[in-house]
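One structure below.
Worth saying up front: this structure is predicted, and the values here are computed from it rather than measured. Numbered from 1 within each chain, the chains take letters A, B, ... in sequence-line order.
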There are 2 protein chains.
Amino acid sequence: MKISAQEEYGLRCLLQLACLPGTASLTLPQIAEREGISVANAGKLMWLLNKAGFVQATRGTKGGYSLARPAEHIRLSEVIKVLDEDEIGNHCESYTGVLEKCIHKGDCGIRPVIVGLHEIVQEALSQITLSQLVGDEAQVDATFHQIKRFERKLGQESLRN
Amino acid sequence: MKISAQEEYGLRCLLQLACLPGTASLTLPQIAEREGISVANAGKLMWLLNKAGFVQATRGTKGGYSLARPAEHIRLSEVIKVLDEDEIGNHCESYTGVLEKCIHKGDCGIRPVIVGLHEIVQEALSQITLSQLVGDEAQVDATFHQIKRFERKLGQESLRN
DNA sequence: TCAAATCTTTACTTTTTTTTCAAGATTGGT
DNA sequence: ACCAATCTTGAAAAAAAAGTAAAGATTTGA
């Protein structure tokens with residue numbers, strides 16, 4: 001259960017644009033250099049982000065990428081969904097709709113876990129916007145901290161019952 | 001952000017043992033057949049689970065695998081940690097200790113997100129035991145549902161501020 | 001109009017992960 | 001003692017993911 005390279009670097013590249021003042025833009029070589037990845041790799045990531053409507057690309061001299069909408073309105077959950085290709089579970093087709101292929105069919109003990117994890121992660125990410133990542137790092141920490149504390153309390157309660 | 005094949009199938013194989021009455025055991029071919037994977041693949045997964053102390057292996061005729069401790073005392077967080085090799089983050093070495101290699105060093109905007117996600121997932125998984133997965137599926141659902149509801153409430157509150 | 005700078009797209013290569021194979025080691029039964 | 005059933009282990013093959021390369025398309029400005 002870990003973030004993929006595509007998710008991590010895609011998010012990082014997007015964050016570079018969010019850091020800029022106003023609606024400024026960066027070229028592919030600039031983004032690549034700031035993230036320490038190749039231009040080709042950055043190109044592929046930015047292409048995905050462009051296709052999904054998070055960034056605006058301009059070709060030609062003076063071209064580059066800029067955010068397509070304000071950083072305050074870009075939730076991490078949306079970004080991750082696009083970079084992740086939004087698949088959950090690996091081989092159990094029960095979740096993705098093709099029920100027949102899965103040996104576990106209806107009575108699959110770990111299905112609620114896989115689905116549940118995916119949901120709480122998405123929900124947590126939907127609480128965080130790009131703009132929080134650039135300036136308000138403390139708020140990001142606070143959000144996760146509160147969730148963690150609630151989870152721990154939940155565990156203690158179920159222990160008492 | 002998805003569960004790996006090793007995590008998913010390792011957990012599934014372990015669950016097969018947890019489903020058995022008492023301290024009964026299963027052989028590798030039996031586990032493989034029940035999970036629809038090859039015997040070789042099941043062998044590797046069970047070897048990992050054995051090394052980590054979750055199952056007990058007996059060789060020779062009448063051999064097989066059984067749980068090394070009661071299903072009530074095996075938390076999903078522990079199992080996943082072993083199957084996952086417990087790594088978080090992909091390329092940013094800031095998290096794993098080798099600080100020098102990472103271009104982002106201290107001022108890394110998405111670090112709190114990666115670390116935070118890992119922590120809330122681990123915390124959620126630590127609330128769930130193997131025994132809950134075999135019988136008490138409703139409780140598993142309930143746990144995740146409560147977390148999700150709290151996260152949503154959190155979001156609404158931060159909206160009001 | 002042309003050249004330089006830039007993004008776009010497809011195909012290819014490399015690396016990592018997953019799966020399989022094969023030989024070894026241990027146990028139980030005869 | 002021997003054989004059959006079983007787990008163990010390391011290496012190899014296959015598949016998937018990540019990263020690279022190259023040719024194409026668009027824009028700006030001289």
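The nearest whole Å value for the distance from the CD atom in A:E7 to the C1' atom in D:dA17 is 12 Å. D:dA17 atom C1' lies 13 Å from atom CG of A:D84, rounded to whole Å. Between the CG atom of A:L48 and the P atom of D:dA18 there is a distance of 11 Å, rounded to whole Å. As rounded to whole Å, 15 Å separates atom P of D:dA17 from atom CG of A:L83. Whole-Å rounding puts the B:K51 NZ to D:dC7 C1' distance at 15 Å. Taking atom CE on A:M46 and atom P on C:dT6, their separation rounds to 14 Å, with Å as the unit. The nearest whole Å value for the distance from the CH2 atom in B:W47 to the C1' atom in D:dT8 is 8 Å. The nearest whole Å value for the distance from the CG atom in B:N50 to the P atom in D:dT9 is 8 Å.
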Name the atoms and distances for all side-chain donor-acceptor pairs under 3.5 Å in residues 27-46 of chain B, with sequence neighbours left out.
{"from": "B:T27", "atom 1": "OG1", "to": "B:Q30", "atom 2": "N", "distance (Å)": "3.4"}
{"from": "B:T27", "atom 1": "OG1", "to": "B:Q30", "atom 2": "OE1", "distance (Å)": "3.4"}
{"from": "B:Q30", "atom 1": "OE1", "to": "B:T27", "atom 2": "N", "distance (Å)": "2.8"}
{"from": "B:E35", "atom 1": "OE1", "to": "A:H104", "atom 2": "NE2", "distance (Å)": "2.5"}
{"from": "B:E35", "atom 1": "OE2", "to": "B:Q16", "atom 2": "NE2", "distance (Å)": "2.6"}
{"from": "B:S38", "atom 1": "OG", "to": "B:N41", "atom 2": "N", "distance (Å)": "3.0"}

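Here A:Y65 reaches the OP1 or OP2 of C:dT8: one of its side-chain N or O atoms lies under 4.0 Å away.
Of the two residues near DNA chain C, B:I37 and A:L28, the one whose nearest nucleotide lies more 5' is A:L28.
Closest to the side chain of B:N41, out of D:dT8, C:dT19, D:dG19, is C:dT19. For A:K2, the listed nucleotide lying nearest its side chain is C:dT17; candidates were D:dT8, C:dT8, C:dT17. When each of C:dT18, C:dT8, D:dC7 is scored by its nearest atom to the side-chain atoms of B:K44, the top-ranked nucleotide is C:dT18.
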Inset, instruction - Encode nucleotides 22-30 of chain D as B, S and - characters from 5' to 3', where the letter depends on protein heavy atoms closer than 4.0 Å: B to the base, S only to sugar-phosphate, - to neither. - result: --BBBBB--
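In plain terms, the two heavy atoms of A:F144 and A:A124 that are nearest each other are CE2-CB, 4.2 Å.
With sequence neighbours left out, the ring pair (Phe, Tyr, Trp, His ring centres under 6.0 Å) criterion links A:F150 to B:F150.
Considering CZ of B:R75 and CG of B:L130, their distance stands at 11.5 Å, rounded to 0.5 Å. A distance of 12.5 Å separates OG of A:S126 from CD1 of A:I80, quoted to the nearest 0.5 Å. How far CD of B:Q122 is from CD of B:E78: 10.0 Å, rounded to the nearest 0.5 Å. Taking OG1 from A:T129 and CD1 from A:I74, the interatomic distance works out to 9.0 Å, rounded to the nearest 0.5 Å.
Looking at heavy-atom distances under 4.0 Å, B:G43 makes no contact with the nucleic acid at all.
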